[in-house]
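Take a look at the structure below.
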Amino acid sequence: MAVTTSPERDIVATPMQRAPREALYAGAIALGLFVLFIGLRTDQNISNELILVQRWWLLAVLVVLTMAGRFLYVAYGQPFLANQKIVDVATGLLPESVATRFFRLPYFIAAIVTVAVLVFLAGSLDGLLGPGLAGYARFLRALATIYALASVLFYFRTFIHAHFSALGITALALYPVIVVLVLALYGGSVAAGFQGSLKWVDNYGIQILIYVMLAWGLNIVVGLAGLLDLGYVAFYAVGAYCYALLGTQYGLSFWILLPAAGAMAAFWGVLLGFPVLRLRGDYLAIVTLAFGEIIRLVLINWREVTNGSAGITGIPKVTFFGLMTFNVSDPNYIAKVLDIATSSAYYKIFLYYLILGLCLLTAFVTIRLRRMPVGRAWEALREDEIACRSLGINTTTTKLTAFATGAMFGGFAGSFFAARQGFVSPESFIFLESAIILAIVVLGGMGSLVGIAVAAMVMIGGTEVLRELDFLKQVFGPDFTPELYRMLLFGMAMVIVMLWKPRGFVGSREPTAFLKESRAVSGSFTKEGHG
Amino acid sequence: MSDASSIQKANPGMNDAILQVEHLSMKFGGLVAIGDLSFQARRGEITALIGPNGAGKTTVFNCITGFYKPSEGMITLNRRDGSNYLLERLPNHEIPARAKVARTFQNIRLFSGMTLLENLLVAQHNKLMKASGYTILGLFGFSGYRKASAESVELAKHWLEKADLVDRADDPAGDLPYGAQRRLEIARAMCTGPELLCLDEPAAGLNPKESMALNALLMDIKDNTGTSILLIEHDMAVVMQISDHVVVLEYGRKISDGSPHAVRTDPRVIAAYLGVEDEEVETVLTEVGDEDVIEQLDTGPDSAHGPGTSSSYFAGPVTDTVGHSEGERVTVSKGASRAAQVDAKSSAAASKAASPAAAKPSAKPSAAKSSAAKPATKAPAKPKTPGVSSRRGGRK
Amino acid sequence: MQYFVQQLINGLTLGSIYGLIAIGYTMVYGIIGMINFAHGDIFMVGAFTALIVFLILGALFYSVPVVIALLVMMIVAMLLTSLYNWTIEKVAYRPLRGSFRLAPLITAIGMSIALSNFVQVTQGPRNKPIPPMVSTVYNIEGISVSLKQIVIVIVTALLLALFWYLVNRTSLGRAQRACEQDRKMAALLGIDVDRTISITFVMGAALAAVAGTLFLMYYGVIAFSDGFTPGVKAFTAAVLGGIGSLPGAVLGGLMIGFIESMWSAYFSIDYKDVAAFSILAIVLIFLPSGILGRPEVEKV
């Protein structure tokens, strides 16, 4: 026995045997990657010359962390994931999923208790624990709250899954109300509630919904018609500048300019789309990218009209359908008309409902169009363009309508964006925005409205949350700014989510018509288009 | 739709050819895929276009359905209402839309991520577009569109029943077995309401049972809708059983044209089929039942040309990865055409009228001719099988 | 005329750099059919590596001959940048190979964002200027040609020659071309496809690193965001020349270089990028597969 070693044992090493070697490799690669960029830092000295600052300890820490991570993944992570797929011989069942193990009643109760105690002590935390520990305590409270909420969601998961759209819309409609109520209770007054809600409604609510709308608009082009558009932000820019220019120059109202911006963007969509839509695949991608860049460069350089990089300021606010305004100085300011306390939160909440309405309009039109011949033709075009032509579908006009419809929603979102910011500049319409929107569409699952909305929430909301992580300054020192890592983490999250779910959160497709029952079409059958 | 004959009676002077192909030529660079081809497909009939692999059949289809613009020639489609269309001048998508020509593809092209029902609804696009007021009216839920939409579902259901696929209406098309996909493609083409249905190898890859079902479907289409059918087929059982008229192509030229019976006894056709798989040759010869011809041409199985190398049964999946025009590129060199050799052979036989038996000696001048046509010295080594040796010469 | 020749030389210099980057795009596209969006940032990483090596050399030695400094910068940049691209391919693209077409595109965009922000976080967001390395300028009949420009053109020409040899005359190049034609068949014939693809990424990155070093030498400044514009231009060049075609990439790079320098010289410097992109669109409308690209056969 001792003499004859089986050859298999040399080849198939156990995870424990492989892990140290893999960890060493990972460490070596990490060392190679980081040695110059993390080990050294280029900095300017007083005389503005570049000097190198050495940070070898940081390099060492990162390399060791990489090795440890790789070791744990190979030794425990991979076998664990593999075991998840193996059925227990005795019971014939798959092992308990990670989620059911993670969300358990005792943990839930513990989390609730933690939150309750910490909320109760909220005022006296600093005194009790000192500012340093209090920061951790708040973080713990936040984690426990998230865990408790996630547990509730997990417990009702089948119900939520079955009524996702209705629940989602209800939640979105009630969101500002809930935020104001919670904060009012917390702060003890309604005014405090409104004031505190600003950040939550604006940074989270409106911000995410703008991306949801843009992604739903792009979804028509990429997800349904299968045309890869890397310059979608151009139409967003057209809409924004349309409102900004016409609103500031001619004082036209938002309610006139909203459809005008949509029409303008659609017109540009047709204009740009017409010559290039016979291009296929990546050629179309680069030309749309080029158009996006051309529009941005024109906005920067056509200073007489667009005021160049400085942008346009003083864009008028949206009025409450002409009845009330949100300018404190106006005679029909909403607070004066309704006789309530002055607050800037009204405008944000109004904008929230406005963008929610626009989003729902986008979703409604998309769902409606999918069941119409033109929407089916879009999807058919994605599946097989040649077959489409053999059935008498004019592929050029079909592509153009997809392009124009997508552009129109981009234009709507753009004019809303201009109204919300009160300021537009070419800075807001860089390629990165197109890339983020496209990423949301693909991460959500092409064609799936729900998946895209979830993806926008995760990706945009997730990076916004980084702004909240002030307690990290306690850990890494006062110079640490979590916001700096926002885009780095965003990029990495894009990669990780894509590796985890290559077809996006919702990979299946809802049929647009059925005879007996509607069954979702698995993602493995749908194609992604060539255009 | 089924009143085609009555319209014809009402217009006795009308041309009864639904499709007229005149002097059609298609060149890819210097390669002649189709040379001066003329034929007719008659209304209400099934016309089969047959020929060895690479004869240019699919190219003819692509010209008719507008995927290729022919180099020369005229393709006229006469619709039932008396209007005529010059197909070579119509844009690709208007051929199905206006001239009412529908087609299927050799390598099936379904919308695989859409359900069967959706596939058939997409086929009714133009009709529904009109009914939906080019989307605008439909968006607001006008009743006209709802009615048209319900009708289109009914039509789809009708064709699903015909194709025996109604149980799977809500499954994705990509999930269907191969034979069912072929039937679905035909059903989808029929949903466009065509007057001429072009089928590119509908029986390829089908098992005998599926092949029977296909025949039944095609006969049903012919008898009940008045749609004329033009089909490319290698399966001689299908061709002989259902077609009313057969056109035989070889190297882009028509070598025979007539009823199935006339075509199958045409020696030029038989010779042309020596250019394809030997298995197929045998089927042809057996079907023809002409012992004389078998003896005369005396072709044994050719070990160098195993099945599968270019078998049409695998044409779908294989050509999927290769640009199709490549497959149809054919150089017409002297001595390549088997049919031409038969012509030469018969004239040679006539000149040597003194010979007692026409069959065996006649092979010799042919062999001499084929060896003259190519410089190789192979031909004299195999005097008994001129067809095989010169096929190699012609193809290389 | 002198002015024109002057612009021609400037265009040639710029075009050489674009061409070197474009080869990376076009090779990756040729072999796995994806747009490696992170390639522009790989170029930026190359330039940054060269910058750091330059500073290390300056800190360690009192004076280093320029040729040696440049050579060391280039080699270290090539090595480290290749390591980056190799790792990215292994981590972000390989697991998605053969899956959904847009998935690797999204990971590539994600990697591009991550790379540029990684450099921003680790090296700071400011522009990093270096003192001029080579400042000799020759004046020939009123046309000024700087030594920098000569170095760029010569290095590019040498690399292209080497590269041409690698692709057309070695078994590695044969393996690459085989993978480009049909990856499955190549694997069946015993070609290690994974390794070939890795090498392709390494080669592309090495060329981008050289381009980065030359860029740093030419302009004397680099910032974390400098990957995007040259990256997009080089990608444009690759598409203009016909994506997948190596001579096309070089030709496209030179064309973009010429268009830019001519446009800035004769029309308006503000709109030089607009001109480059517009010409791309116009060329593609008339030649949908680029100048030297294989026309796509429509399969029916």
Heavy-atom distances under 4.5 Å only: say whether [X] touches chain C with side chain, backbone, both or neither.
X: A:L272; answer: neither
X: A:R55; answer: side chain
X: A:I295; answer: neither
X: A:L52; answer: side chain
X: A:L289; answer: side chain
X: A:V298; answer: both

Can you say whether [X] sits under 4.5 Å from chain A via the side chain, the backbone, both, or neither, judging by heavy atoms?
X: C:L280; answer: side chain
X: C:L284; answer: both
X: C:T49; answer: both
X: C:I243; answer: both
X: C:A92; answer: both
X: C:L79; answer: neither
X: C:S278; answer: both
X: C:P129; answer: both

Interface residue of largest heavy-atom contact number with chain A, from C:I109, C:V53, C:V76, under 4.5 Å: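 Between C:I109, C:V53, C:V76, the count favours C:I109.
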
Distance, nearest 0.5 Å, that separates [atom1] of [X] from [atom2] of [Y]:
X: A:L40; Y: C:L55; atom1: CG; atom2: CG; result: 9.0 Å
X: A:M494; Y: C:I106; atom1: CE; atom2: CD1; result: 5.5 Å
X: C:L240; Y: A:I286; atom1: CG; atom2: CD1; result: 10.0 Å
X: C:L83; Y: A:F34; atom1: CG; atom2: CZ; result: 10.0 Å

Is any side-chain heavy atom of [Y] closer than 4.5 Å to one of [X]?
X: A:R303; Y: C:D270; value: yes
X: A:V495; Y: C:M111; value: yes
X: C:F277; Y: A:L297; value: yes
X: A:M492; Y: C:F118; value: no
X: A:V441; Y: C:L102; value: no
X: A:L50; Y: C:F54; value: no
X: C:Y84; Y: A:F37; value: yes

Choice from A:L484, A:V53, A:V287, A:V442 maximising heavy atom contacts with chain C below 4.5 Å: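 Maximum pair count with chain C is reached by A:V442.
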
Search all heavy atoms of [X] against all heavy atoms of [Y] and return the closest pair with its distance.
X: A:R41; Y: C:T122; result: NH1-O, 3.3 Å
X: A:L36; Y: C:Q123; result: O-NE2, 3.8 Å
X: A:M498; Y: C:T107; result: CB-CG2, 3.5 Å
X: A:A285; Y: C:I35; result: CB-CD1, 4.4 Å
X: A:P502; Y: C:A103; result: O-CB, 3.8 Å
X: A:I29; Y: C:W86; result: CD1-CZ3, 3.5 Å

Output field: ring centroids A:F431/C:F37 closer than 6.0 Å: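 When the ring centroids of A:F431 and C:F37 are compared, they turn out to be within the sub-6.0 Å range.
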
Donor-acceptor contact below 3.5 Å, side chain C:K128 vs main chain A:T42: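 Checked: pair present.
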
Donor-acceptor under 3.5 Å (C:Q120 side chain, A:L488 main chain):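 No; judged by distance alone, with no hydrogens or angles, the pair does not exist.
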
Working for side-chain contact (heavy atoms from CB on, under 4.5 Å), residues C:L80 and A:L33: CA-CA 7 Å; C:L80 288 188; A:L33 293 179; over 6 Å; no

Atom CH2 of A:W302: over 12 foreign heavy atoms under 6.0 Å: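 No, CH2 of A:W302 has 12 or fewer neighbouring heavy atoms, counting only those of other groups under 6.0 Å.
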
Other residues, nucleotides, ligands: >12 heavy atoms within 6.0 Å of C:Y266 OH: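 Enclosed.
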
